[in-house]
Amino acid sequence: MPTTLSFTPNLARHLDCPGAAVEGSTLREVLESYFESNPRMRGYVLDDQGAVRKHVAIFLNQAPIGDRIGLSDSVADGDAVFVAQALSGG
Amino acid sequence: MSDRLLVGTRKGLFRIERDSARRWRIASNWFLGDPVSQLLIEPGGRLHAALALGHFGVKMQRSEDGGAHWGEVAVPTYPDRPAGVEDKDPMRNIDIPWSTQLIWSLAVGAPGELWCGTIPGGLFHSRDGGDQWQLVRALWDEPRRKKWMGGGYDFAGIHSILVDPRDSAHVTVAVSVGGVWTTRDAGANWELIGDGLRSDYTPPEMQQDPLTQDPHCMVQCPAAPERLWIQHHNGIFVSDDAGANWRELTDVVPSSFGFAVAVHPDEPDTAWFVPAIKDEQRIPVDGRLVVNRTRDGGKSFETLDVGLPEGPAYDLVYRHALDISADGRRLAFGSTTGSLWVSEDQGDGWQCVSTHLPPISCVRFEMA
């Protein structure tokens with residue numbers, strides 16, 4: 001059972017961001033899998049060095065991820081990843 | 001004669017048009033709610049707008065049809081930072097992000113080519129009109145680049161890019177804070193220039209160091225490309241040899257401090273400034289918003305205020321928010337308090353377009 005990935009509706013102002021069921025054993029793999037079909041999304045979520053943007057938050061099963069730079073958090077089948085707009089930075 | 005302006009603001013992009021009654025009015029808008037940090041209007045009319053989304057990063061938008069349709073195009077991005085490379089802000093000893101924080105300047109180069117200056121200090125070059133960008137490694141890897149430091153922003157940035165109209169391989173950029181740099185071979189080799197620039201915010205023995213200079217804005221006279229003007233943190237400077245040497249203009253009333261400068265396209269001795277109180281207050285002197293104009297290369301200045309607020313005003317005009325039309329007759333400037341003025345007679349008189357726009361970052365006349 002793959003991981004469910006979904007995005008804040010705030011992103012829909014800028015680009016299509018349908019949720020998806022994607023494969024991967026780490027958060028990095030999950031996101032990279034998604035970016036293959038939606039490459040524009042990468043620059044909205046990650047900075048030039050591949051870290052989570054300062055004012056973006058990512059939740060793994062309702063808890064903030066631990067590694068915002070390396071995205072090494074382990075992801076298991078059936079997990080849910082949600083990319084949110086942080087309350088800061090508007 | 002240009003009858004249209006583009007105005008980039010903290011909350012969107014606006015077009016201002018002159019109507020049949022000679023009134024300048026807000027005609028249209030795009031990207032409402034999103035910060036627009038910079039604009040570029042190519043000679044053929046193609047438009048570029050740089051957005052600085054608060055959450056989702058810098059984006060570039062381009063229009064081929066005068067703004068009827070916009071599409072997102074490539075953003076200049078930094079290469080992967082090699083492991084073990086130390087790159088720290090020299091004043092605070094914190095890591096310089098190898099990630100585009102802000103598009104601070106855009107310029108047209110050789111046919112089809114563009115230049116882009118960013119915070120944290122990278123200069124980018126596009127050979128295909130902005131479809132792809134490459135970091136100019138020769139400048140980024142120049143050892144003295146690591147001595148650049150932030151001024152108004154946390155990290156250094158390139159805010160002014162001058163492409164010599166006689167030779168598009170001759171490009172001169174200004175860095176806040178990091179001086180003036182020039183290349184004669186389209187970016188392969190760079191020279192730090194700027195003898196005569198002076199900083200009074202550094203220890204005395206560093207004040208003449210070209211590397212510690214904080215030019216706020218640098219412009220070039222298209223008809224006389226050896227003539228450059230700088231509105232510097234420390235005052236106003238003028239060069240007659242494309243930036244190699246500068247002379248400081250002192251005793252400018254009401255102030256030689258400010259951010260913006262515009263030069264007449266055909267008259268190198270004619271330039272405009274919007275003075276403010278230095279350093280940290282950055283409001284008009286005595287609450288009087290005025291424009292300063294010289295017609296004699298800085299020997300004397302006229303203070304222009306017809307049509308500007310009679311009562312107290314606290315508008316500050318940023319470095320990209322003063323522009324002159326290609327024929328040299330019209331000027332426009334906008335403020336961080338969202339006011340916008342246009343002059344049809346080189347600043348003798350001003351028409352207020354609005355006092356209710358969002359904070360204004362850049363103003364550009366469109367082509368006639």
Side-chain angles (χ1 to χ4, degrees), chain A residues 5-20 22 26-60 64-65 67-72 81-90, chain B residues 10-12 30-36 49-62 70-85 87 94-103 116 118-122 124 131-135 137 140 153-155 358-359:
Chain A
L5 178 60
S6 55
F7 296 89
T8 170
N10 301 98
L11 271 166
R13 281 187 61 224
H14 305 288
L15 75 173
D16 291 334
C17 50
V22 288
T26 66
L27 185 62
R28 173 78 67 193
E29 291 177 6
V30 165
L31 289 174
E32 291 294 346
S33 175
Y34 186 86
F35 296 153
E36 284 181 15
S37 59
N38 192 345
R40 275 181 67 201
M41 180 62 81
R42 176 192 298 277
Y44 283 78
V45 178
L46 305 181
D47 68 16
D48 297 4
Q49 299 302 307
V52 180
R53 287 199 176 279
K54 183 178 179 182
H55 299 296
V56 169
I58 300 182
F59 292 86
L60 174 59
I65 63 168
D67 181 6
R68 291 174 54 87
I69 297 173
L71 303 176
S72 61
V81 174
F82 180 69
V83 176
Q85 173 177 295
L87 292 177
S88 59
Chain B
R10 178 71 177 78
K11 296 289 181 181
W30 304 273
F31 316 121
L32 272 184
D34 295 329
V36 177
L51 275 53
L53 304 182
H55 298 90
F56 304 118
V58 166
K59 310 297 170 205
M60 290 292 295
Q61 293 275 344
R62 190 170 66 192
W70 292 84
E72 189 175 323
V73 290
V75 176
T77 55
Y78 286 70
D80 288 344
R81 177 174 169 162
V85 167
D87 195 5
I94 60 173
D95 282 334
I96 295 171
W98 283 38
S99 192
T100 302
Q101 311 266 294
L102 191 75
I103 303 291
C116 176
T118 68
I119 295 174
F124 291 82
D131 288 336
Q132 302 173 83
W133 295 93
Q134 292 81 37
L135 177 66
R137 291 304 301 240
W140 184 247
Y153 288 92
D154 284 347
F155 298 100

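Only a predicted model underlies this, so the values are computations on that prediction, with no experimental measurement involved. To find a chain, count down the sequence lines: A is the first, B the second, and so on, and within it residues start at 1.
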Next on the checklist: Would you say that Thr8(A) contacts His55(B) through its side chain, given a criterion of any heavy-atom pair below 4.5 Å between the two side chains?
Outcome noted: no
Item to check | Closest contact, heavy atoms only, Arg13(A) versus Leu32(B) | outcome: NH2-O, 3.3 Å
Checklist entry - What's the shortest heavy-atom distance between Arg53(A) and Phe56(B), and which atoms? => result NE-O, 3.3 Å
Checklist outcome for this item: Separation between CG (Leu53(B)) and CD (Gln85(A)), nearest 0.5 Å, reads 10.0 Å
Checklist outcome for this item: Between the CD atom in Glu72(B) and the CG atom in Leu15(A), the distance rounded to the nearest 0.5 Å is 7.0 Å
Next on the checklist: Using a 6.0 Å cut-off, check whether atom CD1 of Ile69(A) has over 12 heavy atoms from anything other than its own residue.
Outcome noted: no
Item to check | Rounded distance (nearest 0.5 Å) linking atom NZ of Lys59(B) with atom CZ of Arg40(A) | outcome: 8.5 Å
Checklist entry - Do side-chain atoms of Asp48(A) reach the backbone of Thr100(B) as a donor and acceptor pair under 3.5 angstrom? => result yes
Next on the checklist: Is Pro79(B) in contact with chain A via its backbone, its side chain, both, or neither, using a 4.5 Å heavy-atom distance?
Outcome noted: backbone
Checklist outcome for this item: Nearest heavy-atom contact between Tyr78(B) and Gln49(A) is O-NE2, 4.0 Å
